[in-house]
Amino acid sequence: MIIKYESSDSPMHTLRSGSSLTPPHSFHFPLRIANLNGLSVGGEHDIRPHSSILMIVTGGHGTIELERQQHNLACGIMLCCSSPLSISFDPQYQFHGVWIEYATHPPQHPGANPLNNGTPVRAASAKACTLASELLNTWEKPAQDQPFAAQLLFSELLAECFSRQAEIQASAHWLDLVLQHIETHYNEDLTRAQMAERAGVSPEHFSRTFRKATGQTFNEYLSLLRIRRAQQRILTDTPNLTTLALEVGYGEGTYLSRKFKQVVGISPAAYHRKNKRIVALNFNHTASLRALEVMPELGVYSSWMKRLELAPSQQKLRFEEGRNTSLYRSVAAARPDVIISYSLPGENKLLLPLAPVVELPYMQMGWREQFQQIAVIANREQQAEAWLNRYDELCHAANLELGRLLGARGTAIVWEIDEEVAYCYSSSFGHGSQILYGELGFRPPSSLLEQGLLHNGYLEVSIDHIPAYPAEHIFITSTPSTREGQARFRALLQSPGWQKLDAVQEGRVYPLNQPDKFYGFDPLSSLAQLKTFMQAITSQIYMRQDHIKP
């Protein structure tokens, strides 16, 4: 059957029955192919509307900013995204590779790019890097006798990138399950054949995929995990070597000692004795080390600690979006014997080849417990005990003074006020509450306890709802910084609900406004918070007493 139709472009077209005006598949056409070396891409005006970007790095390393998020790129990394977008290179870095801009017909929704799948940056195969380089050469120097060479290479490159993505997605599920099983059963008799059977793949495919994902063979990965667990035990205890060997999956102590020396470079006994090179991945643990007069090889420092000049510039660890590559590189350069971190599975697993990662859970351990555990790792138990004794003496003196001035403690609440919402915290979450509800003996207001709002460690409410949680003492550790937030805060202070609070009427509101000091949940911050609370409370009391004197 023949169908004839008219269009504005030509008087008559003929189609066979069953065909469609809309193609059943998308077709992709290269618009621009350029060498990354020297290419300047600084904004939307450089990129054609409704086009897509495929960028493959074949040399150099650095960062790019994509939609206000930074991504680390290095050799063998590809970026794929759809316009409209804002993309720029960090000018201090130089990449080598290929920039490809292409159009799709019919146009796709920006989120429907088959090469992206929600992950704009990921690894490219060696074949994709080779094809990209060949495509660039063909694009810049077309051969007259091969007019379709660039089109063929471009299509082959897209197919390779898509195939690589599909392969990664297919293997990710079983690989994650296998890695999780190894994490929990590392001390058992595990074999590659067992793991391949569990994954439902051949041993050969298992080995290829496992090595591609982890950079190690199955046996190398298992040995490393066992030795890291042994190091963690040695750091926090003094186990018998034979007992330790059985704990981590080896039959005897001498075999553990030999494997330990292969991985670590020294024997278990020497590792236990040596002064450790320590890296701290958050400022609370860095502060614990500084309280022990230990300088970490690399540490994260809060702005408050920097103002105390506790942060040597060459040993500060900077965190940024998409930081895995730079984090690994920075920690590797520090050559640590141990890494101290919160429970961050992704980051901690990334750092496993470098050193054992001791995880100190935030909500499950108070700052004292974390401090004492870090002291064991650093061989500074006596210093930690002496520090805590001095701190407890200050707490005792503070309570004697509060008992004389206030008598029995009442209720108290700490508010951290953001631009639109406010937060208060339980003692397990810090932010000064561990001092009020622990060391100084105040109580949370009943409105929080009755509703169980602090079970998760904190409460978030809109600024105008703050009066719904009255307390006899109100501490404000931070206030909004923007004009809109400040207007909301002023509206709160002028509201009838706020004005009626007993704490407001009796002068027991304490505007501290020192947020970076109260973010800390560590020995140094807790000591500073204790002193700040005491100064605020006592100065208010003395002011009131002076005011009522005849």
Side-chain angles (χ1 to χ4, degrees), residues 302-305 307-308 398 401-402 405-406 409-427 429-445 447-448 453-454 458-521 524-548:
S302 67
S303 56
W304 176 72
M305 292 172 66
R307 289 200 298 273
L308 294 180
E401 186 170 9
L402 290 180
L405 296 173
L406 293 178
R409 309 296 185 273
T411 58
I413 193 167
V414 179
W415 285 110
E416 184 179 291
I417 303 179
D418 208 341
E419 308 308 317
E420 296 184 3
V421 297
Y423 302 89
C424 64
Y425 302 89
S426 69
S427 57
F429 219 85
H431 293 259
S433 294
Q434 80 279 12
I435 306 297
L436 286 179
Y437 304 146
E439 279 81 331
L440 299 183
F442 289 92
R443 305 187 311 277
S447 55
L448 294 179
L453 295 175
L454 291 181
Y458 72 97
L459 168 72
E460 176 184 333
V461 300
S462 61
I463 292 177
D464 58 335
H465 283 177
I466 288 177
Y469 303 93
E472 294 170 79
H473 299 265
I474 299 175
F475 299 86
I476 301 175
T477 60
S478 70
T479 56
S481 57
T482 66
R483 182 178 300 176
E484 295 80 4
Q486 291 169 359
R488 293 187 188 95
F489 183 56
R490 287 195 298 271
L492 166 71
L493 300 182
Q494 296 167 6
S495 67
W498 175 265
Q499 295 291 336
K500 291 179 181 178
L501 291 175
D502 290 342
V504 174
Q505 294 183 4
E506 297 176 14
R508 293 197 296 266
V509 176
Y510 312 96
L512 307 177
N513 204 26
Q514 301 178 61
D516 49 357
K517 179 191 294 184
F518 282 87
Y519 288 158
F521 191 52
L524 296 181
S525 298
S526 294
L527 176 60
Q529 292 165 15
L530 172 69
K531 292 179 178 179
T532 301
F533 279 138
M534 286 302 298
Q535 183 180 7
I537 295 170
T538 56
S539 61
Q540 287 276 44
I541 292 173
Y542 292 139
M543 286 176 59
R544 288 199 302 270
Q545 290 177 346
D546 290 341
H547 182 71
I548 62 175

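Atom set for the values below is all heavy atoms of this structure, side chains included, hydrogens, waters and symmetry mates excluded. Throughout, residue positions are numbered sequentially from 1 according to the sequence presented.
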Visitor: For the atom pair CD (Glu439) and CG (Leu527), what is the distance rounded to the nearest 0.5 Å?
Guide: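 Answer for the CD-CG pair, Glu439 versus Leu527, is 10.5 Å.
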Visitor: Mind listing the closest non-hydrogen atom pair of Pro467 and Pro470 along with its distance?
Guide: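 Shortest heavy-atom contact: O-CD, 3.7 Å.
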Visitor: Going by heavy atoms in the side chains, are Ile474 and Ile466 under 4.5 Å from each other?
Guide: no
Visitor: Got a sec: does the CD of Glu460 have more than 12 other heavy atoms crowding it under 6.0 Å?
Guide: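 Correct, the count exceeds 12.
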Visitor: Could you give the distance from CG (Leu459) to CZ (Phe429), rounded to the nearest 0.5 Å?
Guide: 12.0 Å
Visitor: Please report the shortest heavy-atom distance between Leu440 and Arg409, naming the atom on each side.
Guide: O-NE, 3.1 Å
Visitor: Taking the side chain as every heavy atom from C-beta outward, state whether Glu472 and Phe442 have any pair of such atoms under 4.5 Å apart.
Guide: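 Glu472 does not reach Phe442 side chain to side chain.
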Visitor: Which heavy atom of Ala471 sits nearest a heavy atom of Thr411, and at what distance?
Guide: CA-OG1, 3.5 Å
Visitor: Can you find a side-chain donor-acceptor pair between Ser481 and Glu419 that sits under 3.5 Å?
Guide: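 Yes, side-chain donor-acceptor contact under 3.5 Å.
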Visitor: Rounded to the nearest 0.5 Å, what's the gap from CG on Asp502 to NE2 on His473? Could you check?
Guide: 11.0 Å
Visitor: Contact between Pro480 and Ile417 at the side-chain level, heavy atoms closer than 4.5 Å - yes or no?
Guide: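 Yes, at least one pair of side-chain atoms sits under 4.5 Å.
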Visitor: As a quick check of understanding, evaluate side-chain contact (heavy atoms from CB on, under 4.5 Å) for Thr532 and Thr477, giving each step before the final call.
Guide: CA-CA 10 Å; Thr532 301; Thr477 60; over 6 Å; no
Visitor: Would you say Phe475 and Ile537 make side-chain contact, with heavy atoms under 4.5 Å?
Guide: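 Yes - at least one pair of side-chain heavy atoms lies under 4.5 Å apart.
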Visitor: Within a strict 4.5 Å, meaning less than it, do heavy atoms of the Ser526 and Gln434 side chains meet?
Guide: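 Yes, close enough: below the 4.5 Å cut-off.
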Visitor: Just how far is it from atom CD1 of Ile463 to atom NE2 of His465, taken to the nearest 0.5 Å?
Guide: 11.5 Å
Visitor: Gly430 and Tyr425: which non-hydrogen atoms are nearest, and at how many Å?
Guide: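 For Gly430 versus Tyr425, the nearest heavy atoms are O-CB, 3.9 Å.
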Visitor: Assess whether side-chain contact (heavy atoms from CB on, under 4.5 Å) is satisfied between Gln529 and Val414, documenting all intermediate values.
Guide: CA-CA 12 Å; Gln529 292 165 15; Val414 179; over 6 Å; no
Visitor: Start with the C-alpha distance between Gln514 and Trp304, add both sets of side-chain angles, then the distance that settles side-chain contact (heavy atoms from CB on, under 4.5 Å), and finish with yes or no.
Guide: CA-CA 9 Å; Gln514 301 178 61; Trp304 176 72; over 6 Å; no
Visitor: Which value, rounded to the nearest 0.5 Å, describes the distance between Gln486 atom CD and Thr482 atom OG1?
Guide: 6.5 Å
Visitor: Can you measure from CD1 (Ile413) to OG (Ser433) and round to the nearest 0.5 angstrom?
Guide: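 Those atoms lie 8.0 Å apart.
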Visitor: Can Ser302 and Asp516 be counted as having a side-chain donor-acceptor contact under 3.5 angstrom?
Guide: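 No.
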Visitor: Should Tyr437 and Arg443 count as side-chain neighbours, where that means a heavy-atom distance under 4.5 Å?
Guide: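 Contact flag for Tyr437/Arg443 side chains = no.
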Visitor: Would you indicate whether the side-chain heavy atoms of Phe533 and Phe518 approach each other to under 4.5 Å?
Guide: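 Yes, their side chains come closer than 4.5 Å.
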Visitor: Trp498 and Leu492: which non-hydrogen atoms are nearest, and at how many Å?
Guide: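 Taking every non-hydrogen atom into account, CB-O, 3.1 Å.
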Visitor: So do Met534 and Leu402 actually touch side chain to side chain, heavy atoms under 4.5 Å?
Guide: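 A side-chain contact under 4.5 Å exists here.
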Visitor: For Ser525 versus Gly520, what's the shortest heavy-atom pair and its separation?
Guide: OG-CA, 3.4 Å
